[in-house]
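Data first, discussion second: the structure below is written as structure tokens.
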Amino acid sequence: MNKKFDYKKLIYLLAFLCCFLPFIDTPLALLIGIIVAQTVGNPFSKITAPTQKYLLQASVVGLGFGIKASDAIQAGKEGFIFTVISITFVLTIGYFLGKKLLVGKNISYLISVGTAICGGSAIAAVAPLIKSNKNDISIAIGVIFILNSVALFLFPFIGHLLNLSQQDFGMWAAIAIHDTSSVVGAAQTYGSQALQIATTVKLQRALWIVPVTLLTSFLFKSESKKVSIPIFILLFITALFVRTLFPEPQNVYDVIVLLAKRGMIISIFLIGTGLTRHVLKSVGPRALLQGVILWFLISVISLVVIIFT
């Protein structure tokens, strides 16, 4: 008995293979992924979901072999104050904004934390502490997911329009874009120096999951005190110091970074295939409005501060 030909799988695989072409960058990979999601869907969703997560993390670690520890420390120092102020600002405004828009308390907090720190990773970290259900988490991640996709196209365009330097754009992307994937994707499109700064500052920002998780446990009177630092961040730091302590063989590091950049493009494609119609429908207008307002405020304010300081 002949099996029916599955054209959806063929189209998906052809789109996936396009990501290996040298002229495909992160915004284009995301666009291809979104088009696939809206037309044929993702017939391999059970495989691509975990693959996307680990490929993204491995790619971020690989990028660490292209950054000197001294440069990372300098970028981290410059981004520290920005990070503290912006996280405090977003969480505070998010609280009052959620009440004003009548967004559910848990959903509002998840969106605020996702915007303030590192998108889906932060949401996943605090969700159990505030006893969020699957619907709350889906809505919050959906909001972040949509805005991340927009940022990947919009930020490089604005950066070039305003003639931002590599350093300024990298700092802006790390502060104003939610997920690490979109931060790295946007910065990778903008330039190598922007990529180094954005990756370093964003991962430093991600470490704030720890104090925010502890604060969440206190505010929501959660009995759980479990706090974890994402392993890939520690591996990224390790890669930085390996690259610094052992500068040779440089050609090996170059190959690792090249593979990491291609891995990031593939990760972005896989993320795009997750932006299905179901995800779009699951996000309510009030929650989306809160996410958009928070994102607009942190994007504009941080951009103004970066340009004029």
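This chain uses plain numbering: 1 for the first residue, then up along the sequence.
- One hydrophobic cluster, built from ILVMFWY side chains closer than 4.5 Å, holds both I293 and I158.
- Taking 4.5 Å as the limit, some side-chain heavy atom of L294 sits within range of a side-chain heavy atom of S112.
- The two atoms that bring G263 and S59 nearest to each other are C-OG, 3.3 Å, heavy atoms only.
- Checked by atom type and distance alone, the side chain of R243 never pairs as donor or acceptor with a backbone atom of T238 at under 3.5 Å.
- Listed here is the closest heavy atom pair of L110 and A140: CB-CB, 3.6 Å.
- Judged purely by atom type and a 3.5 angstrom limit, R262 has no side-chain atom pairing as donor or acceptor with the backbone of V257.
- Between the side chain of S302 and the main chain of S299, a donor-acceptor pair closer than 3.5 Å is present.
- To the nearest 0.5 angstrom, I144 atom CD1 is 7.5 Å from D179 atom CG.
- For the atom pair I298 CD1 and I177 CD1, the distance stands at 12.0 Å (nearest 0.5 Å).
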Could you walk me through whether F16 and I32 pass side chain to side chain contact (heavy atoms under 4.5 Å, CB included), step by step?
-> CA-CA 9 Å; F16 175 77; I32 294 172; over 6 Å; no
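- The heavy-atom pair separating V183 from A173 by the smallest distance is CG2-O, 3.5 Å.
- A chain of hydrophobic side-chain contacts below 4.5 Å, direct or via other Ile, Leu, Val, Met, Phe, Trp or Tyr residues, connects I34 to F157.
- Put simply, CD on Q290 and CD1 on I93 are 11.0 Å apart, with the number rounded to the nearest 0.5 Å.
- The side-chain contact (heavy atoms from CB on, under 4.5 Å) with K8 is formed by just one residue from the set T39, V36, V40; it is V40.
- Between L55 and S267, the shortest heavy-atom contact is CG-OG, 3.4 Å.
- Note: the hydrophobic cluster containing L259 does not contain M264 (ILVMFWY, side chain heavy atoms under 4.5 Å, direct or indirect links).
- With S108 contributing its side chain and G104 its backbone, the two residues share no donor-acceptor pair below 3.5 Å.
- Two residues are said to be in side-chain contact when any heavy atoms from C-beta on lie closer than 4.5 Å; I123 and V113 fail this criterion.
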Run the numbers on F169 and L162 for side chain to side chain contact (heavy atoms under 4.5 Å, CB included), then give the verdict.
-> CA-CA 10 Å; F169 182 85; L162 298 178; over 6 Å; no
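- Closest approach of W172 and L164 over heavy atoms only: CE3-CD1, 3.9 Å.
- Under a 3.5 Å cut-off, the side chain of T189 and the backbone N or O of G185 do form a donor-acceptor pair.
- Put simply, the side chain of K202 does not reach to within 4.5 Å of the side chain of V184, judged on heavy atoms.
- Here F96 is tied into one hydrophobic group with Y95, each link being a pair of ILVMFWY side chains closer than 4.5 Å.
- Note that the CZ atom of F246 and the OH atom of Y253 stand 7.5 Å from one another [nearest 0.5 Å].
- In the hydrophobic clustering of ILVMFWY residues, with side-chain heavy atoms under 4.5 Å counting as a link, I47 and Y54 come out apart.
- Here the shortest heavy-atom pairing between I197 and Q167 reads CD1-CA, 3.4 Å.
- Panel note: side chain R286, backbone V103; no donor-acceptor pair is recorded below 3.5 Å.
- In the hydrophobic clustering of ILVMFWY residues, with side-chain heavy atoms under 4.5 Å counting as a link, I265 and L258 come out apart.
- In this structure, CD1 on I175 lies 10.0 Å from CD1 on I87, to the nearest 0.5 angstrom.
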Is there a side chain to side chain contact (heavy atoms under 4.5 Å, CB included) between D254 and F65 once you walk through the steps?
-> CA-CA 8 Å; D254 291 341; F65 287 99; over 6 Å; no
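- Residues T273 and F44 fail the side-chain proximity criterion, which asks for heavy atoms closer than 4.5 Å.
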Report the C-alpha separation of F155 and V150 in whole Å, then their side-chain angles, then the decisive distance to 0.1 Å, and conclude whether the side chain to side chain contact (heavy atoms under 4.5 Å, CB included) test is met.
-> CA-CA 8 Å; F155 271 57; V150 175; over 6 Å; no
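- Ring centroid separation for the pair H160 and Y190 comes in under the 6.0 Å cut-off.
- Here CG of L270 is found 11.0 Å from CG of L30. Values are rounded to the nearest 0.5 Å.
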